[in-house]
Amino acid sequence: MSDTTLKATAAASGASATERFLNDKTAAAPARRVDTARVDTLATAVITAVHDVIRSHRATYEEYNALKSWLISVGQDGEWPLFLDVWIEHVVEEVAAAGRQGSKGTIEGPYYVPGAPALSSATTLPMRDDEPGTPLLFRGQVTSADGGPLPGALLEMWQADDDGLYAQFAPGIPEWNLRGTIVADDQGRFAVTTIQPAPYQIPTDGSCGKLIAAAGWHPWRPAHLHLKVSARGHDTLTTQLYFKGGDYVQNDVASAVKPELVLNPRPSATGGNEVTYDFALDPVS
Ligand code: MBD
Ligand code: FE
């Protein structure tokens, strides 16, 4: 991939992710409804934790000013959604999912867009005529945690392409490419043809990329499929699925891999790969 492509991607994806979050009524609006006592508790705990780091590591004015510059640039680049979802969200998800009976989930990340085109239960995700990548037939069943099928369950899917880029966040990709809302059949079953995504690289020219380079970390997430699985009377499951043996499955920069989320596709008779994966949703408590 050329440098020009990467540069365009950092600027475009940061601004688009910020705009997408601010327009998300369910995610962005509750900020105004967190009560005073909780804000006091949480804000005091965060500030105190920072004080402790400064004292225990003898942080200098030079380091304090480097932090100040960097925090300002994260906002200027529109990379707060990326920063938070890569380094913080996995712990929020861990706390939120404690006590769940059904399938494991993981972080949503910055690139979900609601309202992807509706597709039938046996379908192909929207893609270009010459979409690069290994074809993947992904099928399974959505049930309630007790095993009962959930007819008409919805599977919202989104993923990167074979260059690791997401439609709506990277330039030059058709809207809704590799995004769709699959309506499961009367047994909760689905069969989706797609292509296997490539690993995702945090843009190297934005603030998050600069932090990664400055700290000597790597900027990669393993290849993954994103899903939100929902059905009436059940909690929506936000998850990601990875590919066994793939690069960065053992060292995801976003710490979002769990053993239950790793697929092991096998070659299919029609060329490409196929894999079965079932989802169990918790009834609303
Ligand atoms: C991604 O594609 C992603 O899924 C997350 C969590 C963070 C950055 C990019
Ligand atoms: Fe992703």
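Indexing begins at 1, ligand by ligand and atom by atom, following the structure's order. One is the number of the first residue; the rest follow in order along the sequence. If you're wondering where the values come from, they're calculated on a predicted model, not measured in any experiment.
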Participant: How does His224 reach ligand 1, by side chain, by backbone, by both or by neither, if only non-hydrogen atoms under 4.0 Å count?
Facilitator: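 Answer for His224: side chain.
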Participant: Is His226 close enough to touch ligand 1? Criterion: a residue heavy atom under 4.0 Å from a ligand atom.
Facilitator: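 Contact present.
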Participant: Check each heavy atom of Pro110 against ligand 1 and say whether those closer than 4.0 Å belong to the side chain, the backbone, both or neither.
Facilitator: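 The answer is the side chain.
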Participant: Using heavy atoms and a threshold below 4.0 Å, how should the contact between Ile202 and ligand 1 be classified: side chain, backbone, both, or neither?
Facilitator: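 The answer is neither; Ile202 stays 4.0 Å or more away.
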Participant: Could you tell me whether the Fe ion (ligand 2) has an N, O or S atom of Tyr166 under 2.8 Å away?
Facilitator: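 Within the cut-off used here (under 2.8 Å), Tyr166 does place an N, O or S atom near the Fe ion (ligand 2).
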Participant: For atom 9 (C) of ligand 1, what's the nearest protein heavy atom and its distance?
Facilitator: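 Answer for atom 9 (C) of ligand 1: Tyr200 CE2, 3.2 Å.
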Participant: For Phe83 and Trp70, I'd like to know if the aromatic rings sit close, meaning centre-to-centre distance below 6.0 Å.
Facilitator: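 Yes: the rings meet the under 6.0 Å criterion.
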Participant: What atoms in ligand 1 come closer than 4.0 Å to a heavy atom of Ile107?
Facilitator: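 Matching atoms, with element in brackets: 6 (C).
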Participant: Should Tyr166 be counted as touching ligand 1, given the test is an N or O pair under 3.5 Å?
Facilitator: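 Yes, at least one N or O pair falls under 3.5 Å.
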Participant: Quick one: which ligand 1 atoms are inside 4.0 Å of a heavy atom on Arg221?
Facilitator: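 Contacts of ligand 1 toward Arg221, numbered from 1: 1 (C), 3 (C), 4 (O), 5 (C), 6 (C), 7 (C).
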Participant: How close does the nearest protein non-hydrogen atom get to atom 8 (C) of ligand 1, and which residue and atom is it?
Facilitator: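 Among all protein heavy atoms, the one nearest atom 8 (C) of ligand 1 is Leu82 CD1, 3.6 Å.
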Participant: At their closest point, which heavy atom of Arg221 faces which heavy atom of Val253, and how far apart are they?
Facilitator: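 Heavy-atom minimum between the residues: CG-CG1, 3.7 Å.
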Participant: Can you spot which of His226, Arg179, Gln159 makes a side-chain hydrogen bond (donor to acceptor under 3.5 Å, both in side chains) with Tyr166?
Facilitator: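 The option that passes is His226.
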